[in-house]
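Bear in mind that the values here come from a model prediction, so they are computed numbers and not experimental data.
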Amino acid sequence: MQEMIEKAIQENTQNGQFSRLSVAELSSQLSLPKSRVTQALQQLLKAGTIVRAGQKPVLFLDRSVLEETYGTAIEGDTIRNLDQWLAAQTDQGQDFDRLIGHDGSLSSLVEQCKATVAYPPQRSAPHSDGRNRHGQKHDRGPCL
């Protein structure tokens with residue numbers, strides 16, 4: 001049974017299917033009671049074969065696959081935030097960190113856009129016959 005669980009963890013870790021590595025998912029995949037899966041996971045953690053990651057649901061990943069894939073040693077048996085750890089290993093940062101302007105560098109441009117939209121402040125809208133409220137006719141040519 002422990003070998004089955006270890007093999008499932010290894011395969012899912014290699015395939016990047018981390019969401020399938022919780023106690024509930026492993027139990028469902030292997031048709032085993034959660035208590036037996038939990039017991040086997042505790043033994044694998046003690047042996048150093050796997051690491052736990054995140055909180056609710058806690059995921060269990062194969063240590064050797066992660067270390068080989070990302071070329072780094074994992075200290076301890078826990079990765080607190082898997083997304084941050086993966087981002088640090090791949091040197092990409094998280095989605096918001098990759099967004100242009102996330103650090104406020106576009107704030108002046110956004111303010112200019114707001115000012116442009118608000119200018120001129122009191123522009124009169126034309127009536128349905130093409131005249132504004134002052135009776136002046138406007139050429140409503142094509143908008144470019």
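The distance from the CD atom of Gln55 to the CZ atom of Arg80 is 8.0 Å, given to the nearest 0.5 Å. Taking CD of Gln29 as the start and CD of Glu11 as the end, the distance is 9.0 Å to the nearest 0.5 Å. Within the model, atoms CZ of Arg20 and CD1 of Ile9 stand 12.5 Å from one another, a figure rounded to the nearest 0.5 Å. A distance of 8.0 Å separates OG of Ser22 from NZ of Lys34, quoted to the nearest 0.5 Å. Taking OH from Tyr70 and CG from Leu86, the interatomic distance works out to 4.5 Å, rounded to the nearest 0.5 Å.
Side-chain atoms of Ile79 and Leu61, non-hydrogen and from C-beta on, never get closer than 4.5 Å to each other.
Remark: Gln43 pairs with no residue by the side chain to side chain donor-acceptor pair (under 3.5 Å) rule, at least two apart or across chains.
Leu66 pairs in a side-chain contact (heavy atoms from CB on, under 4.5 Å) with only one of the listed residues (Thr13, Thr72, Ile50), which is Thr13. Looking at Leu44, Val51, Val23 one by one, the single match for side-chain contact (heavy atoms from CB on, under 4.5 Å) with Phe60 turns out to be Val23.
Judged by distance alone, the side chains of Glu25 and Asn12 never bring a donor and an acceptor atom under 3.5 Å apart.
By the rule that hydrophobic residues join a cluster once side-chain heavy atoms approach within less than 4.5 Å of another member, Val58 and Leu26 end up as members of one cluster. Under a hydrophobic-cluster definition in which Ile, Leu, Val, Met, Phe, Trp and Tyr are linked whenever side-chain heavy atoms come within less than 4.5 Å, directly or via other members, Leu30 and Val37 are assigned to the same cluster. Note: the hydrophobic cluster containing Met4 also contains Leu59 (ILVMFWY, side chain heavy atoms under 4.5 Å, direct or indirect links). Tracing side-chain contacts under 4.5 Å through hydrophobic residues (I, L, V, M, F, W, Y), one never reaches Val65 starting from Leu41; they form parts of separate clusters.
Arg63 contributes a side-chain N or O that, together with a main-chain N or O of Ile74, makes up a donor-acceptor pair within less than 3.5 Å. A donor-acceptor contact shorter than 3.5 Å links the side chain of Ser27 to the backbone of Leu32. For the pair Ser28 (side chain) and Ala24 (backbone), a donor-acceptor distance under 3.5 Å is absent. Between the side chain of Asn15 and the main chain of Gln17, no donor-acceptor pair closer than 3.5 Å is present.
More than 12 heavy atoms of other shown residues, nucleotides or ligands fall within 6.0 angstrom of atom CD in Gln14.
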